[in-house]
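Positions are given from 1 along the sequence.
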Amino acid sequence: FATERVVTIHLGEPAAVSTEPPARPPDGRLAALDGAPFVVSIATEERRKGLPLAIEAFERLADEDADLRLVLAGAPGDDAAAVSAAIDAATPRARRRIVRLGPVDEPTKRWLLARAAVLAYPSLDEGFGFPILEANAARVPVVATAVGSVPEIAGEAAALVDGRDPSDFARAVRSVIADDDRRRHLIEAGEHNLSRFRRSTTAEGLVGHYEKAHAS
């Protein structure tokens, strides 16, 4: 098998990246978040999403910042029990400020991204990673684990964390929130990064390789 014959064609940008977020919280449970700083994680509660790491990291952040919240948005999956266990194991101070929304609709997701301080992306593996591009479009800095496709898709537009140490992840989130220059760099890099992913480029790439395969 010749690996040089394998060609990667990136997917295009998510459909909602150019849609304006709602001005008011679409979900009544978000009213307490309006004006409050929060870290958001947008992911189905699957094992590969590594959400307990985000919860353990937030517990460390909550000890330092009395206002910061963690918002978990995503449908239940095969790791829902571990997510519940991680929340239950958190300190009361942290646990009170974890908002577990479950599945959310597109307007709610756009509202969350428009107001989040950071997108936390603590995956164990990723095949692509659309929330990274959604965060880029919303001008939200990303903190992510350096696994799977994440470094390739995020480029310079994410603070990447090696390993599964909650303290390391918490330090990366803290740095992005506290360091204005770091935050500005990630936001600007995100705008540039998003330009690498266009549906037209995906379509042209696929058509070109189908034509090449047909000609051979």
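Here side chain to side chain donor-acceptor pair (under 3.5 Å) pairs that include residues 50-61, with residues two or more places apart or in two chains, are Arg60-Ser167.
Take Glu64 and apply the side-chain hydrogen bond (donor to acceptor under 3.5 Å, both in side chains) test, not counting sequence neighbours, and it matches Arg174. Scored by the salt bridge (Lys or Arg N to Asp or Glu O under 4.0 Å) test, Asp88 finds no partners at all (sequence neighbours excluded). Taking the ring pair (Phe, Tyr, Trp, His ring centres under 6.0 Å) definition, one finds that Phe130 meets it with Phe128, sequence neighbours left out. Arg96 meets the side-chain hydrogen bond (donor to acceptor under 3.5 Å, both in side chains) test with no other residue; sequence neighbours excluded.
Ion pairing between a basic and an acidic side chain is recognised when a charged N comes within 4.0 Å of a carboxylate O; Lys49 and Glu46 show no such pairing. Using a cutoff of 4.0 Å between basic side-chain nitrogens and carboxylate oxygens, Arg198 and Glu204 are not scored as salt-bridged. Using a 4.0 Å cut-off between charged nitrogen and carboxylate oxygen, Arg48 and Asp125 do not count as a salt-bridge pair.
Considering all non-hydrogen atoms of both residues, Val150 and Ala144 come closest at CG1-CB, 3.8 Å. Shown here for Leu186 and Val142, the closest heavy-atom pair between the two residues is CD1-O, 4.4 Å. For Glu45 against Ala80, the heavy-atom pair with the smallest separation is OE1-CB, 3.4 Å. Contact record, Glu134 with Leu113: CB-CD1, 3.7 Å, taken as the closest heavy-atom pair. Closest of all the heavy-atom pairs between Thr44 and Pro76 is CG2-O, 4.0 Å. Between Leu30 and Thr108, the shortest heavy-atom contact is CD1-CG2, 3.6 Å.
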* How far apart are the C-alpha atoms of Leu68 and Ile177, what are their side-chain angles, what is the distance that settles it, and do they pass the side chain to side chain contact (heavy atoms under 4.5 Å, CB included) test? -> CA-CA 10 Å; Leu68 191 66; Ile177 291 175; 4.2 Å; yes
* Verdict with supporting geometry, Val173 and Phe58, side chain to side chain contact (heavy atoms under 4.5 Å, CB included) -> CA-CA 9 Å; Val173 173; Phe58 175 71; over 6 Å; no
* CA sep, side-chain torsions, deciding dist, call: Thr145, Tyr121, side chain to side chain contact (heavy atoms under 4.5 Å, CB included) -> CA-CA 7 Å; Thr145 43; Tyr121 210 63; over 6 Å; no
* Carefully, step by step, assess Phe197 and Ile153 under the rule side chain to side chain contact (heavy atoms under 4.5 Å, CB included). => CA-CA 9 Å; Phe197 301 91; Ile153 301 306; 3.9 Å; yes
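A donor-acceptor pair under 3.5 Å links the side-chain atoms of Arg69 to the main chain of Asp67, judged by distance alone. With hydrogens and angles ignored, the 3.5 Å screen pairs no side-chain donor or acceptor of Arg97 with any backbone N or O of Leu70. In terms of modelled atom types and a separation under 3.5 Å, the side chain of Asp79 and the main chain of Gly50 share no donor-acceptor contact. With Asn136 contributing its side chain and Ile132 its backbone, the two residues share a donor-acceptor pair below 3.5 Å.
Note on Phe38: it clusters hydrophobically with Val104, by side-chain heavy-atom contacts below 4.5 Å among ILVMFWY residues. When hydrophobic clusters are built by joining Ile, Leu, Val, Met, Phe, Trp and Tyr residues whose side-chain heavy atoms come closer than 4.5 Å, directly or via intermediates, Leu33 is not grouped with Leu72. In this structure, Leu61 is a member of the same hydrophobic cluster as Val83, with clusters built from ILVMFWY side-chain heavy atoms closer than 4.5 Å. Under the 4.5 Å side-chain heavy-atom criterion for ILVMFWY residues, a single connected hydrophobic cluster contains both Ile98 and Leu51. Under the 4.5 Å side-chain contact rule for hydrophobic residues, Val99 and Ile42 share a cluster.
Using a 3.5 Å distance cut-off with no hydrogens or angles, the side chains of Glu126 and Ser123 do pair a donor with an acceptor. Residues Ser175 and Arg183 bring no donor and acceptor atom of their side chains to less than 3.5 Å of each other.
For the pair Pro21/Lys109, no side-chain contact is recorded, criterion being any heavy-atom separation below 4.5 Å from C-beta on. At a threshold of 4.5 Å between non-hydrogen side-chain atoms, the residues Leu119 and Ser41 do not count as touching. Counting heavy atoms from C-beta outward, Asp27 and Pro25 have side chains that stay 4.5 Å or more apart. Contact annotation: the side chain of Arg115 never approaches that of Val40 to less than 4.5 Å [non-hydrogen atoms, C-beta and beyond].
The CG atom of Asp162 sits 9.0 Å away from atom CG of Asp168, with the distance rounded to the nearest 0.5 Å.
If you chain together ILVMFWY residues whose side-chain heavy atoms come under 4.5 Å of each other, Ile187 ends up in a group of its own.
Residue Glu191 qualifies as enclosed at atom CD: its count of foreign heavy atoms under 6.0 Å is above 12.
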